[in-house]
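Single-structure report; data block below.
None of these values were measured; they are calculated from a predicted model.
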Amino acid sequence: MSFPPSALDARTQAFPVLTEAQIDRIRPLGRPRRVERGEILFEPDDTNVPFFVLFSGAMEIVQPSLEGERLIATHDPGEFTGEITMISGQRCLVRGRVTEPGEFLEVSGDALRTLVARDAELSEILMRAFILRRLALIQSGSGLVVVMGSQHSAKTLELREFLTRNGQPYTYIDLDRDRISQELLDRFQVQPSEVPVVICKGRNVFRSPSIRELAACMGLTPRVDGKQVRDVIIVGAGPAGLAAAVYAASEGLDTLVIETHAPGGQAGSSSKIENYLGFPTGVSGQELATRATTQAQKFGAHMVIARSVVRLACERRPYAVVLDGGEQIETRSIVIASGAQYNKPRLPNLERFEGNGIYYGATYMESQLCGGEEVAVIGGGNSAGQAAVFLSQTARKVYMLVRSGDLSSTMSRYLIQRLVENPRVELHFQTEITALEGDGHLESIKWRDRKSGTETEHAVRHVFVMTGASPRTEWLRGCLALDDKGFILTGRDLEGESVPGPRWPLARPPLMLETSLPGVFAVGDVRAGNVKRVASAVGEGAISIHLVHRALAEL
């Protein structure tokens, strides 16, 4: 006896069949199109790909590769095409070919985004399907990128982290294990310093590419119209920046988000956030960032990845941000959510081991590098605690090195309890690393008990640094008032005669999150006096857009 597929089944969720009533609501936004067997509707690397609903006929989704085509999915009447690229506007990853002639409904990308914004039921069905389809592509490695690298290459880890955190499916070939691929590279005289080798879209071959080169090849850095004046530019796509993007775009503002590396910020590298409202079983930082990015793009926010803002042109309004390539983009308001970066221990050969034993995030990828080994986590905050708990699932022992004498003032109580009760976690208070040793890859570390003065050496090959953070505000000096540590002063902190830097210029007092420059706001970890919690960062991002509207009304 067979049963119909459950509506809760993953396959049904990813490839649902629309009802006639649902299709009727889509019909006015598109045009019917007769299709013939063998007709190609879209190709990898295409942009502005239409959304198709099948009235009759059938089609297949395949992905071209060096070995031929790989079947990804098939679509029958009542089903629809597309995945995350339909919303994000990025380049297509697959080929769509008609296998049975029939009639399709063709809907443009702009019309689809309009539908998603105004029809709650269809929005939920489509977004869930798009996200699940992207996850399936990631899990199967069905992307346009092949990375041939080594676990002993810091550059390999950097590129893989970039692809993973940006939700980009890719195929990884480990040269330490795949001898045939290594022999192939040897024949082409690829030097160890040129690893990893990246094949992008089956035709572009890069030897040890930069993040910006890879992002440009994948279409993550769309050309920005320098003549267009934006309503708001959001610098940084951590939780605060993403929240600002969601609210700004959903409220009709022309919104541009600029992110140096990948959405999520520091939170994006957290293995599991358990005290964020609405997620009783926890949520990974990457999952939260991916959902928020998709949500912002659904409402029409534009995103530029792997580009940095190097200067703020603050002499007149509209202001302008200057990118690392020299382009200037004008805007009526700015939300600065550039976050902070972990402080690096002052060790003489630290940079030598970065990516080869020294890491600044603890995600699934890093955890696979140190399975069954002893690792060390430096820090006493929530990020360090989350990392230690997560790594204890795969590591043989986790040494947690804390400079202070306890955790109660820097870490949530639930995390402290997890650490104390975990037999694989060993806490060392008033302890600091003094030396790193190794040849190419980290092999051992020394740490000192500050109370007793005793220094000991340990065969630890993986160290996760999650210490206090410094703000990313070098590009703002001369434009905004900063405190003595470089954090941005906002609101009432700008009052008084002792405020360093530029003074507030208007008769009205600055708004709550407003900087010393009218219409420029700071949120999240970059702001002086910030509360280091994901929920507070999201709240500040949302509030900032309410204040942006007030500032724009003054123009």
>> What verdict does the side-chain hydrogen bond (donor to acceptor under 3.5 Å, both in side chains) test give for Ser412 and Asn382, after you've listed the backbone C-alpha separation in whole Å, the side-chain angles of each residue and the deciding distance to 0.1 Å?
In response: CA-CA 7 Å; Ser412 298; Asn382 276 356; 3.0 Å; yes

>> Please determine whether side chain to side chain contact (heavy atoms under 4.5 Å, CB included) holds for the pair Leu256 and Val304, giving the CA-CA distance in whole Å, both sets of side-chain angles, and the decisive distance to 0.1 Å.
In response: CA-CA 8 Å; Leu256 176 66; Val304 174; 3.9 Å; yes

>> Please evaluate residues Tyr319 and Glu330 with respect to the criterion side-chain hydrogen bond (donor to acceptor under 3.5 Å, both in side chains), reporting the C-alpha separation (whole Å), side-chain torsions for both, the decisive distance (0.1 Å), and the verdict.
In response: CA-CA 6 Å; Tyr319 307 119; Glu330 292 191 336; over 6 Å; no

Give a yes or no on this: more than 12 heavy atoms of other residues, nucleotides or ligands lie within 6.0 Å of atom [atom1] of [X].
X      : atom1 : result
Gln341 : CD    : yes
Arg508 : CZ    : yes
Arg492 : CZ    : no
Leu277 : CG    : no

Salt-bridge test for [X] and [Y]: reply yes if a basic N is under 4.0 Å from a carboxylate O, no otherwise.
X      : Y      : result
Lys397 : Glu373 : no
Asp324 : Arg212 : yes
Glu327 : Arg223 : no
Arg550 : Glu554 : no

>> If I take atom CG from residue Leu253 and atom CZ from residue Arg332, how far apart are they, to the nearest 0.5 angstrom?
In response: 10.0 Å

>> Working to the nearest 0.5 angstrom, can you tell me the gap between Glu432 CD and Leu401 CG?
In response: 10.0 Å

[X] side chain to [Y] side chain, donor-acceptor N/O pair below 3.5 angstrom:
X      : Y      : value
Thr431 : Asp449 : no
Glu274 : Tyr414 : no
Thr293 : Gln295 : no
Thr490 : Glu514 : no
Asn343 : Ser470 : yes
Asp254 : Gln228 : yes

>> side chain to side chain contact (heavy atoms under 4.5 Å, CB included) for Val235 and Val526? Distances and angles first, verdict last.
In response: CA-CA 11 Å; Val235 182; Val526 75; over 6 Å; no

>> Less than 4.5 Å apart, side chain to side chain, heavy atoms only: is that true for Glu426 and Met400?
In response: no

> Below 4.5 Å, heavy atoms only, C-beta onward: do Tyr170 and Ile138 meet side chain to side chain?
Replying inline: no

>> Show me the pairs that pass ring pair (Phe, Tyr, Trp, His ring centres under 6.0 Å) and involve residues 323-365, at least two apart or across chains.
In response: Tyr359-His462, Tyr359-Phe464

>> Going by ring pair (Phe, Tyr, Trp, His ring centres under 6.0 Å), name the residues that satisfy it together with Phe299, two or more places apart in sequence or in a different chain.
In response: none

> Is the backbone N or O of Leu436 less than 3.5 Å from a side-chain atom of Asn349, with the two atoms forming a donor-acceptor pair by type?
Replying inline: yes

>> Whether the side chain of Arg450 engages the backbone of Arg403 through a donor-acceptor N/O pair (distance < 3.5 Å, no angle test) should be reported.
In response: yes

>> Test side-chain hydrogen bond (donor to acceptor under 3.5 Å, both in side chains) on Gln368 and Thr394; report intermediate values, then the result.
In response: CA-CA 8 Å; Gln368 299 308 296; Thr394 53; 5.6 Å; no

> Taking the six-membered ring for Trp, are His458 and Trp447 parallel (under 30°), tilted (30 to 60°) or perpendicular (over 60°)?
Replying inline: parallel

>> Using the rule given for side-chain hydrogen bond (donor to acceptor under 3.5 Å, both in side chains), can you reason through Glu437 versus Ser444, listing the C-alpha separation, both sets of side-chain angles and the distance that settles it, and then say yes or no?
In response: CA-CA 5 Å; Glu437 304 291 342; Ser444 67; 5.9 Å; no

>> Looking at every heavy atom in both Ser123 and Lys298, which two are closest together, and how far apart are they?
In response: OG-NZ, 3.7 Å

> Ala245 and Thr255: which non-hydrogen atoms are nearest, and at how many Å?
Replying inline: CA-CG2, 4.3 Å

> Would Leu476 and Ile336 count as a side chain to side chain contact (heavy atoms under 4.5 Å, CB included) if you check the C-alpha gap in whole Å, the side-chain angles of each, and the deciding distance to 0.1 Å?
Replying inline: CA-CA 10 Å; Leu476 293 168; Ile336 301 170; 3.8 Å; yes

>> Assess the residue pair Phe521 and Leu511 against the criterion (side chain to side chain contact (heavy atoms under 4.5 Å, CB included)); give the C-alpha distance rounded to whole Å, side-chain angles, the decisive distance to 0.1 Å, and a yes or no.
In response: CA-CA 9 Å; Phe521 302 85; Leu511 301 173; 4.2 Å; yes

>> Going by disulfide (SG to SG under 2.5 Å), name the residues that satisfy it together with Cys217, two or more places apart in sequence or in a different chain.
In response: Cys200

